[in-house]
Amino acid sequence: HVQTNEANVTETSVQLYEKGVEAYLENRWADCVVYFEKALGKYRKYRKKVQSCRLKCKNEAEFSEPLYPVDNDNLLFFERAIRQTLCIMECENDDPEILENYIVNMETGNLFEEQRPYEYLHICYFQTNDIIKAASSAFTYLVAHPDNKVMASNLKHYFDHNIDKKDIVNYEAKDYVYLYVHGAESYEHKDWQSVIFNMEESLTEYIQAEEECRAQCEGPFDHGWYPDFIPSISNHFTVCLKCKQKCRKTLGSLNGEIHDDLLPSHYHYLQYAYYKTGNLKAACQAVASYLRFYPDDETMLDNLRYYSKQPKVQEDYFHPREEAVRYMQRQIYENKILKFVNKEFNTTLKSKLKSEELEKKLYVTMNEKELKGSKRIVMDGLATTKECQTLTEIAKYFAIIGDGYDGRRSPHTKMEKFEGITLSRTLFLTYFKLLRPKYLDMFLRVTENTRKYIKKYFKIKKKLYFSFTHLVCRTALPDSPKIRTDLSHKIHADNCNILKNQTCVKAFPAFTWRDYSAILYLNDDFEGGEFIFSSDLNGLNIQSSVKPRCGRLVAFSSGPENLHGVKAVKTGSRCAIGIWFSHDPKYADKDRNVALRVLENNLDFHLDPSIDITGFNFDVKNDKKLKT
Ligand SMILES: O=C(O)CCC(=O)C(=O)O
Ligand SMILES: [Fe+3]
């Protein structure tokens, strides 16, 4: 027996599902039934709530009074999106289980949508001698997976147990299914009033079910590859739209019987039943509605001609019903959009975005010509939003002022804080279990990628070693003035000391072994901080300027041909990974190889999963306070 204790109350549907599976595996059949029934109940409640929040909020936003009566740039659309968001957050917030389920649901995918619980349930019911429920579970599963032979033979097996087929139900059938079935039966029995009642009800319920199914599609999004504002909107929209278009197909299955024309067929039944009960106007409306879906349907056109000849029928009887008009307008428009998307994106993008995932995202944003110099490049797409966020977080948690620069060579201006963390220190933190290995892995992976692309783009044949890797944030001090003439990083070359007459001396204290430089930017939520190529030491002749953003890489050869600097960071914090490469193995960063070894040997780190980034009890906030 299942003990119902307090803990059960807060269990999510997936947790209950897992307990159900466990009970099943241990042959605890009664427990299995209880857990899966509870899991299904929870999930249904959750789904209903999410759907109804989305629908209610859409409706509310649509009828809200605009903040300003004139729309340009689709501001009204966005205003409503904002209102809808507020509403959804509020709606979902008063149910703490929603959020919990939401997260679980994103990860476990469609266990419930695919009716997986019934795969177990039918066996557990059978074992507890509940044959009707066992058969119904098998049937429910079969409706969602009509081609599953094993389940089909299971169902047949249950039928051998002397049960009445009428008792078998599809547990997941929506209300319209049985209404429609009854309506169709009433038609066979020529019970026209019953046809009208059931079909009208079924029609309303069907449209509602489709709205709910569509609302279900408006969920989280993980297909992002182009994070710009508008492209990400249209990308998410398109994924949603494809999902919504599937609703009609899913809902067209009446207990496994596929009806491509389920919605319009309601009007077919209705026109006949209304005619038989003498309601000619309603019959004509049903005819016109049906023709919205199938304008060339011969049978219905015959009906139309027949009704037109009836003495009492007036021309304005043939107005299609409002819900049919609305439905078809949306349907046609959505189809056109999807066709357009398929056509355009297949031809224009597929050719550009082939092969590997990385190749897909990567593109050259500025070439040598645009940057006005040789051995220069700006590329985008070298880090994902997630990677940028994580790396920035690491920089901020663990940064040490000046780490990576000894005092003398520190490029600080008085107006900015300069904090960073080297790859070596990241390794150290990982080694001492203060940082999860996956973050070190990310650091290594992202930087290795830049090395690969630099080699490829500059066609470098010689070996290219990492010499120094530094994750660094430049932060405007709170009381620094808005107008600044100083630079965040004065104009310099990376591998020599530039003298006043602009000659370049390859000598100490310069990092003379550096051959290529790369800066991978991680964010853009700050003011100022542009990277500049300049032809003079004062930064008066700026050749080109690069605005940092997540995943953007500026790379160049490290000599005097590429004088560069950073403009003042006026507000906020600008984070980037600086990477310097050398052809000389003597200057290869040994810690990188150590890091790889540490990662290989540390697959069994046991860290507290509730703490992100920091594994042990390392109080990041206090540590930070000590320094500032
Ligand atoms: O952060 C940047 O954009 C450039 C920094 C730089 O030039 C350097 O650290 O040598
Ligand atoms: Fe530099």
Side-chain angles (χ1 to χ4, degrees), residues 365-366 371 373 375-380 382-383 388 391-392 395 399 401-413 415-423 447 450 454 466-476 486-498 504 506 509-537 539 542-570 572-582 587 589:
T365 311
M366 291 172 93
L371 290 166
K375 295 267 175 84
R376 302 173 176 180
I377 172 80
V378 175
M379 287 190 244
D380 270 302
L382 277 126
C388 290
L391 291 166
T392 306
I401 294 177
D403 181 24
Y405 287 82
D406 72 38
R408 196 148 45 101
R409 270 172 257 145
S410 165
H412 298 103
T413 109
M415 317 289 186
E416 287 171 31
K417 194 168 65 176
F418 190 86
E419 297 173 300
I421 175 169
T422 56
L423 183 86
T447 46
T450 63
I454 287 166
F466 282 97
S467 174
F468 189 57
T469 310
H470 189 206
L471 169 54
V472 60
C473 300
R474 301 159 188 264
T475 309
D486 62 331
L487 294 173
S488 174
H489 205 137
K490 67 178 198 309
I491 306 293
H492 64 282
D494 281 348
N495 69 8
C496 55
N497 304 309
I498 300 269
C504 194
K506 271 205 167 196
F511 307 104
T512 53
W513 53 88
R514 290 179 175 178
D515 293 302
Y516 282 90
S517 308
I519 320 286
L520 174 62
Y521 298 105
L522 301 177
N523 67 330
D524 64 3
D525 51 344
F526 53 84
E527 285 178 84
E530 295 88 353
F531 173 96
I532 46 173
F533 283 114
S534 166
S535 59
D536 71 324
L537 281 182
I542 295 175
Q543 297 168 312
S544 49
S545 147
V546 179
K547 200 173 155 31
R549 53 168 285 185
C550 168
R552 178 164 288 172
L553 175 81
V554 52
F556 46 93
S557 57
S558 309
E561 68 280 21
N562 282 318
L563 296 181
H564 62 278
V566 180
K567 283 196 173 175
V569 177
K570 291 175 196 159
S573 191
R574 172 200 193 266
C575 300
I577 306 177
I579 313 165
W580 289 271
F581 302 95
S582 174
Y587 293 97
D589 184 359

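In listed order, ligands and their atoms are each counted from 1.
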Query raised in the report: Can you list the ligand 1 atoms lying under 4.0 Å from a non-hydrogen atom of W580?
Result: 8 (C), 9 (O), 10 (O)

Report task. With rounding to the nearest 0.5 Å, note down the distance linking CG in L423 to CG in L471. Result -> 9.5 Å

Query raised in the report: So, is H492 polar-close to ligand 1, with some N/O to N/O distance under 3.5 Å?
Result: yes

Query raised in the report: Nearest 0.5 Å, what's the CG-OG1 distance between D589 and T422?
Result: 8.5 Å

Query raised in the report: Which of the numbered atoms in ligand 1 are below 4.0 angstrom from a heavy atom of Y521?
Result: 2 (C), 3 (O)

Report summary line: Under 4.0 Å between heavy atoms, the region of V554 that gets near ligand 1 turns out to be neither

Query raised in the report: Taking the minimum heavy-atom distance to atom 6 (C) of ligand 1, which of K567, E530, H489 ranks first?
Result: H489

Query raised in the report: Should the pair W513 and Y587 be assigned to parallel (<30°), tilted (30 to 60°) or perpendicular (>60°) ring geometry?
Result: parallel

Query raised in the report: So, F581 versus F466, ring centres under 6.0 angstrom or not?
Result: yes

Query raised in the report: Are F511 and F468 an aromatic pair by the rule of ring centers under 6.0 Å?
Result: no

Report task. Step by step, work out the side-chain contact (heavy atoms from CB on, under 4.5 Å) result for I498 and C504. Result -> CA-CA 4 Å; I498 300 269; C504 194; 4.0 Å; yes

Report task. Examine ligand 1 and decide if any of its atoms is less than 4.0 Å from a heavy atom belonging to R574. Result -> yes

Query raised in the report: At what distance, to the nearest 0.5 angstrom, does CZ of F531 lie from CZ of R574?
Result: 8.5 Å

Report task. At a cut-off of 2.8 Å, list the protein N/O/S atoms near the Fe ion (ligand 2), residue plus atom name. Result -> H492 NE2, D494 OD1, H564 NE2

**Report entry** Pairwise distance OG1(T512) to CG(N497) - rounded to 0.5 angstrom
**Finding:** 9.0 Å

Query raised in the report: Which ligand 1 atoms are under 4.0 Å away from a heavy-atom of I519?
Result: 1 (O), 2 (C), 3 (O), 4 (C), 5 (C)

Query - Point-to-point distance, once rounded to the nearest 0.5 Å, from NZ of K375 to OG of S517 - result: 12.0 Å

Query raised in the report: Which of the numbered atoms in ligand 1 are below 4.0 angstrom from a heavy atom of R474?
Result: 1 (O), 5 (C)

Requested in this report: Apply side chain to side chain donor-acceptor pair (under 3.5 Å) to E416 and S488, showing your working.
Outcome: CA-CA 7 Å; E416 287 171 31; S488 174; 2.7 Å; yes

